[in-house]
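Below, chain A is the first sequence line, B the second, and so on; all start at residue 1.
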Amino acid sequence: MDTKKKFELERALATESQAVSAGKLKDDNPLDTTETFRQFCEACRRGDLKVCQEMIQAGVNVNARDRHDYTPLILASLCGHYEVIQLLLENGALCERDTFQGERCLYNALNDRIRNLLLSYDYAKSSNPLQPLAAHITSLLTRPEPATADLAIEAYDQSFHVHKFLLAARSPYFAKKLRAAPSTSTWALPQNIPSRSLGTALQYLYFSEVSMRRAMHGLNDEEETLVVKGIDKIGRQLEMDRLFDHITEVADRRLLRQKRAEELIRGRDQLETWFNENVLQNKVQVETANVDNLKWNRDNSIYADILLRADDAEEDYESDETDAASPAPSGSSTPPARSILGLPVKSRSPSRSRKPRKSTIYPAHKAMLLRSEYFSTMLNSPFREAQQTPYLQIVTLDCSPRVLETVLTFLYTERSDFGLDVAIDVLFTADQLFIEKLKQRAALIISTLGNGNSSTVESENPRGETDAEEVIDIYEVIRAGWDTRVQRLEEFGARYIAYRLESYIDTLEFAEIVQESARRVKGRQETDTIELVDDIRYYLSDRFRLRFEDSGLEEMMEQRGDADSTAEAMEGLGVQNEDIDVEKNDRPLGKEIEEQFAVGAIRTLDGEIAGDEFAQDAMNYQILLGKIDQLLENLNLDA
Amino acid sequence: MIAGRGRQRIRPPRRGLHGDEVDFENTWVTIEAAFREIHTKNASRLSYEELYRHAYRIVLKKKGEQLYKNVHDFEKGWLSREVRGDIQQLLSPNLLAHAQSVASTTANERRVSGEKFLKGLKQAWGDHQVCMSMLADVLMYMDRVYCQDHRRPSIYTTAMVLFRDEILKSPLSATEERIILGLLNHVILEQIQMERDGDVIDKHLIKSCVHMLDGLHADDLESEDQRLYHVSFEKEYLDTSRDFYRAESELMLRESDAGAYCKRAKKRIHEEEDRCRATLMESTSSKIREVVEAELIQGRIRELVEMDSGVHFMIDNDRLEELNLIYDLNARVDERKSEVTRSIQKRIMELGTEINNEALAASQAPAPAPPLNTDGGDKSKQAQEKNVNLQTVAAIKWVEDVLGLKDKFDRIWRQSFESDSLLDTAMFNSFRDFINSTAFPRSSENISLFIDENMKKGIKGKTEMEIDQVLDKAITLIKYVQDKDLFERYYKKHLCRRLIMNKSVSNEVEKQMIEKMKQELGPSFTSKLDAMFKDMSISADLTSGYKRHVEGLGDRDPKRIDLSISVLTKMTWPMESINGSGESQEGNRPKCNFPPAVEKVRRGFEQYYAEKHSGRELTWLPNMGTADIKAVFPKVPQKDGTFKERRHELNVSTYAMVVLLLFNELPADECLTFEEIQAQTNIPKNDLVRNLQSLAVAPRTRVLLKEPMSKEVKPTDKFYFNEGFKGNFVKIKVGVVSSGNKVESDQQRKETEKKNDDERNFVIEAAVVRIMKQRKELPHQKLVLETISQLASQFKPEVTMIKKRIESLIEREYLERIEGAAVDSYRYLA
C-alpha cells in the first residue's frame, strides 16, 4: 500500500476543507466543545474503559474533535490504551489512510501493536456497522426459502414479492394504504411505470445500494428516460422523497460513502420507529396458563407472521428451585428492568404474593428473525413452527421478556444498548440463538462496565481496594465466558480478580474456579498451565509493574541498591514471570504477613514496618504470588 | 453474591438455564421419542423450539458427549433394525440367484427386480438424509459447540457413515456373505449393460443411487479420492466396461468393415459420454473415455487402418466420411495421428510412384529399352524425334497427374482431416519425396515443360482467374522440388526459347509467373529471369534506336533490310541451349557466312552498337534468328489459263534465309549439293540438315527440291529451287524442325546435369568460403552442416561434393587444415 506524499496530503486536506465549508461534504470530525465530549476525551486519555463505554452508549460522537483538533482515537492511541482504541474502533471511530486525521492517528500510535490494530480497522476493510442489517434486508428480496413475503406487486411482465412491514416502515404511502387494508395480498403497479423503475425503488427500500448506472444497465436512451421518469413517479407516489436523490450518480467515493451512511441511518431510524410503534406497542401480557388461548390472525394490523413468547423468571413461582441465592436481588432487580419498558407490568408488587406466572407475547416478522441462525433453521425445517396454521404460531424463547426485547431490538435495528443487569442473560440467549454480534456486544458491555465504580485506571486504585459493593459476580462471568466461548470474558475475569486479588485469594469460590479452569484442559499434563491462573499472574504483574514504572521506581532502585531487604525483594520482581522462591514465603511466614496485611500496617517482609508504600507494594506482590502457588499446591495442581 | 445497591448490577443467569443439573435421562427419553416421530415422518407435530432447548441444555451442562453417543446409538439401532430389514425384503430370489450365475431368468425379470431394489435403496437413503438433516437442525447447538470443541464430525456426517456401515456394508441376508454394496454395484452395472444392449432403463433412478455413493466415503477422513463411488463402483464399472469393449472390438473387427467399425466406435464413445452425464458422474467421463478409446481404438487402430476396407480402400473410393471417422478416432488416442499419417503417406508414395512409372513407361513406350539405361545416340534420328515428342506429352501428363493427386488429397485433407496441420506436413513430405525420388529425375524438367506448354498454348482463351489457378498449381509443384537450381536451369532454357522465338502467349502472364516465384522462392532465385526480361526490353529499344539511326543516314535504300535485334547478356542466358544442340563447343563454333546484303546490315549494327556501348563484343547467333523474305516465283499457268507471277512472303530461320539467298544467284535449273551449301555458308552441319529438311522435305514449305527425294538429308544430295512451288497463302512460315521446347534426350539430360553440377560446385565453394570467412575456424562436420543448411533453399548438396570442394579450396589455399586438432578442422586463409 503506498502512502501519499506530504504535499499530496496537504492538497487533499485543502480540497477537503473547501468542500466542507462549502457544505458539499460533511466534516468527518466536527468540532465539539461540549463538556461531555471533554470528559470523553479525558477518559480516552486516561484509558478509562468504563467511562468511555458509558459515554459512547450515551451517544457521544466518537469521531468529533476537541478544540485542539484531537479526536478521541488520536488521544487513546497517543496514550497507548489498547482496549480503549479497540472499543472506539468497534464503535465506529474512523481511522482511514490517506486522510489527515487518519494518518495523524497512525503516526501518533504509541507502539506497533496499536498501529497494527488501527490499520486492521482501515475503512477499506471494515464496513459500515449497519451494513449487516442492510445486507440482510436486501437479501430478503431474493431469498426463496422460507417464504416470508406477504405482498405481491404485479407489474405487467414481472411480479415482486415484498414484505408489508418493510414497505410500511419505509414508505408513508404504503403505511397509510396498508393500514386501511392490512389483509391486502396484491398491489398492482400503475400501468405507466416500467417494472424496472419499481425494481430499483424496491432495492432502495430494501436498503440496497442502488446506482443509476446499474439500474440503467443495458437499456437504450429511450427506455432509460422512461425508467428514470418511472423512478421519479414512483418516488413521489410512495412518498419517498429521497429516492430520486439517492440514486443519482455521485462520482466521489467519500461523498458516496457518506451518502450511503446517512441513508442507512435514516432507513434504520425509520425501521426503528416502526418497530417501537408497532412491534413493541403490540406486545401482550397474559398469564402463562392462558397463553395457549391466545389467537392472532394472520391478517393483523402489523403484518406479524409469528409470535414470540417469553416467560417471566421462575424464581418467584418455583420456590423449590431457589436455594442459596436469596430472592431479594431478583426481587429488587426485576422491577426496574420492567419499568424501562414502561409497561403495565407493575402489577407485580414486591410483596411477591404467589400470583399466576405471566408471559409476554411479542408479534414479530419471520423475515427479520431469519437473521438468527436458530430461527432460520427452525423456519426452514419441517417442524411445527414452520407449518402454516390459521393462527400465528407461538414460539417460546427460554429467556426473560426483557432479554427477548433486547434481542428483537437488535434484530430489527442493530441497536444493542442494554444494561449490565441483563448482559449475561443476553449473552446466553445470543449464544443459544446464534447471534454472534449480539453475543460480542454483551461481552463488551460486561467487560467494560463490569468494573463497577472502581476505575480500571490503576493509578486511581493503587492498593487493589475494592468497592464495598460489587456489581457483578465475577465467577458467574468467567463461567459464562467459558460456556459461551467468549475469550474476552475470561480475560476480563482474570484481570478483574488480579486487581482485587487480596479479597479473592482466600475464598473457597476462588479455589473452585481455579480447579474448574484446570479441568477445562482435557487430558491435562503435569506441566500444563492453568489458563486462568496464568492470566491472573499476568495481570497481577501488569498491575504492579505499571505502578512502579509510573513512579520511576527503577531509578530509585538504583539509588538504594544496597543490602536493603526491600531492594532484594524487588529484584526478584524486576524480572517478569521469574519463578519466585516459594520457600521464602512458606506457610507460617505467609500467615504472619497476611495478618499484618489485614491490620493494614506498613511493614517489611520480616515484619518490620516498611519505610514507604513502594516497599509495601513490592511485598504485597510477593505475598500474592506466594499465595497463588500455595493454593495450587493445596489443590494438587501444578502450573 | 453481595447485595447491590447500585443502579445496575449483573443478575445471575436464569435458573432454568444455569445452576441446576439437567435430568439427562428424562430429557433423552423426550428427545428419543421425538426422533422416532421424525423417522416415522410425523415431524410436523413436533416443536423445534422444545427439542432444540433440550439439546441446548444438555450441551450447556457439559453432557454433549453423552448426547452425541446416544444419538449415534439410536441411529445405529434404527438403521440396523428397521431399515436393513426393509432393504432385505426387496431382494427377490432371482436377483440373488443371478448374482451367482446368470441363468434361467430373463433380462426383463432381472431388470424389474433390479429396479425394485434400486428404488428401495434410493428411498431408504432419501429418508435417511431427510431425517438426519432434521436431527442436525435440532442438534445444531451440539454440532456447533460440542463437536467443534472436541473435533468430532458433525452428527449428520456421522449418520451418513452409519448408513454406509449399517446398510451398504451389511450382508444381504443372515446366511449370505455378500454385502449390499456389492449387489448395488452389480445391479447398476447390469442395468448399464442392458442399456448398451439397447434396452431402456431408468437413468434417473441409477443417478440417484450413484449420488448416494458419491456422497459417502470409504474412509472416515472424508478425503476426496475416497468416495465410495470412486473406490467401489467406478473401478468395477471401468473393469467391466473394459472387458465388454475388448470383446466387442474383436467381434466387430471380425465381422464388419473399417467404416462400420469407426461409426460404431464413435457411437460408443458418445454413448459413454452421455451415460456419464445422465446416469453416472461427470467425473467418470474422462476415465471411461480412456477405457473405451484404449479398447476400441488404441489397440485396434493399426489393424483398422490396414484392413482391406481400411484407409487404402477409403482413399481409393473417396470415402471421405469414413476417413474423417478414422481420423477422428486416431486423433483421440494419438495426437500425432501416426497410424493414419503413416498409411496416408504410404498411399501417396504408392500413387506417386505409380505416376512416375507411368510417365517413364509412356516416354519409353516406343523405344525397346528403358531410356534411362540407353543413350539415345545410336537410335535413328526420326525415332528419337518421335520419342521426344511422346516424352513431352508424357511429361505434361505427369504434371497433370501429380496435380490431380494433389487435388484429391487436398480434398481429403480439408473434408476428412479437418485441415490438420500435422497431416498437412506429412502429406507435403510424401509428395516431396516421390517428386524428388531418385528413380525419377525428371520432375524439374517436367514442371518447367508444363509451364512452358501453358505459356505457349494452354492459357489461350482462359480468364485471368483460370490462368491464376494454373500458375498457382505450377507454384505448388515447384515448392515440392528440392533441386531448385536444376529447375531454374530448365526454366531459364525454356523461357529463353519462348522469349527469343516470341512464343509466349502473353508477356504479362510470364511476368506474373516470375512474380509468384519471387514470392515463393525469394528474389535471388528469379534475379536472372528478371534480367532476361530486361534484356528483351533493352533490345526492343535498341532495335528502334537503330532504325532511327539508319533513317537518319539519309540515303534511303529501297533494298534496305530491316533489322530487329535481341542483344542478350551472355551470363544470364543459357548459352548452351542457344548454341544449338549442344554438340558443338562454344569456342570453335564456325562463323556463318552471311550474304553480302546481310553482312552489310550486320556491320552497320555493330558499328552503331559500338558507339553506344564501347568495349562490348557482340556474338551473332544466327541459329536463333528468323528472317522475312519476299520470294518471287516464275509465272505458271493458273487454272484459268493466265500466267501469273506469284509472290510469297516467307518467314524462315536465319540459316534458311542464308541458304535461300544462295539460290538467288543461281540460274533456274542449276543445283547445289549439300556439301556446296555447307562450304559456302559455313552453317553447322546439324543446323543445316534441319533447315534443309524444312525447306526441301516438308510438303507445305517445299521451296527447294531435293534429289533424290527422300526424308533423309545426305551430304551428296542436290538441291534445286522449286519454281513450281504452290502456296495457298501469301505469307508462309517455314518452321524449323524441332524448334520447340521438348523433353531432353538422355544425352542432353546428362549434359544438363553435368552443367548443373559444375554450377553447383561454384555455389558450394562460394558458400564454404562465405561461412569460413565469417567463422575463421570450424570443424569439418559443422562446416558441412552449415553449408547444407545455407544451400537448402536452392538444392540438396551431396556430402561428397562438399568434401571435394573443400579439398579443392585447400589446394587453392583458401583454407588450411588445422594441424593436431582433435577433430578435422579448417582455418580460413585471408
Side-chain angles (χ1 to χ4, degrees), chain A residues 313-315 318 321-326 328-330 332-334 336-337 373-374 377-387 395-400 403 419-425 427-429 431-432 434 446 449-450 452-453 467-473 476-477 479-480 483 485 522, chain B residues 1-22 34-35 37-38 41-57 59-62 64-65 130-146 148-151:
Chain A
E314 293 171 28
E315 296 96 293
E318 292 161 57
E321 252 194 61
T322 42
D323 43 30
S326 76
S330 50
S332 60
S333 67
T334 334
E373 231 183 305
Y374 168 81
T377 310
M378 173 195 282
L379 298 175
N380 271 320
S381 75
F383 287 101
R384 193 177 69 203
E385 283 87 345
Q387 310 282 326
V395 176
T396 314
L397 286 186
D398 196 11
C399 61
S400 71
V403 172
L420 192 58
D421 52 343
V422 287
I424 291 250
D425 278 347
L427 178 71
F428 273 106
T429 307
D431 180 50
Q432 186 186 359
F434 292 112
I446 295 170
L449 297 181
N453 290 338
D467 301 330
E469 56 149 342
E470 297 249 327
V471 287
I472 52 169
D473 178 346
E476 290 289 0
V477 169
R479 287 197 182 102
D483 282 345
R485 303 162 308 285
K522 242 190 162 186
Chain B
M1 242 186 155
I2 302 160
R5 39 152 220 235
R7 55 197 162 85
Q8 279 199 335
R9 53 174 300 288
I10 208 156
R11 289 188 342 140
R14 306 219 321 169
R15 294 293 120 193
L17 261 180
H18 214 253
D20 304 313
E21 290 300 301
V22 281
F35 283 1
E37 295 284 303
I38 290 174
K41 301 181 185 172
N42 283 324
S44 58
R45 291 188 296 113
L46 299 171
S47 160
Y48 176 82
E49 185 273 333
E50 190 188 331
L51 290 173
Y52 179 90
R53 177 155 41 86
H54 286 315
Y56 166 73
R57 284 195 187 169
V59 174
L60 202 63
K61 287 293 123 200
K62 309 276 179 282
E65 183 151 12
V130 170
C131 292
M132 284 323 295
S133 76
M134 288 172 75
L135 253 60
D137 282 350
V138 168
L139 300 171
M140 183 163 70
Y141 198 81
M142 181 180 85
D143 269 345
R144 293 295 179 80
V145 176
Y146 168 75
Q148 246 167 44
D149 282 1
H150 295 76
R151 302 229 168 80

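- Annotation: salt bridge (charged side-chain N to carboxylate O under 4.0 Å, His left out) contacts of R151(B) (sequence neighbours excluded): none.
- Only the side chain of F434(A) comes within contact range of chain B, judged by heavy atoms closer than 4.5 Å.
- Residues meeting the side-chain contact (heavy atoms from CB on, under 4.5 Å) test with R53(B), sequence neighbours left out: D398(A), E49(B), E50(B), R57(B).
- A distance below 6.0 Å separates the ring centres of Y48(B) and Y374(A).
- Taking OG of S44(B) as the start and CD of E37(B) as the end, the distance is 9.5 Å to the nearest 0.5 Å.
- Heavy atoms closer than 4.5 Å to chain A are found in the side chain of V138(B), but not in its backbone.
- Residue D431(A) touches chain B through both its backbone and its side chain, counting heavy-atom pairs closer than 4.5 Å.
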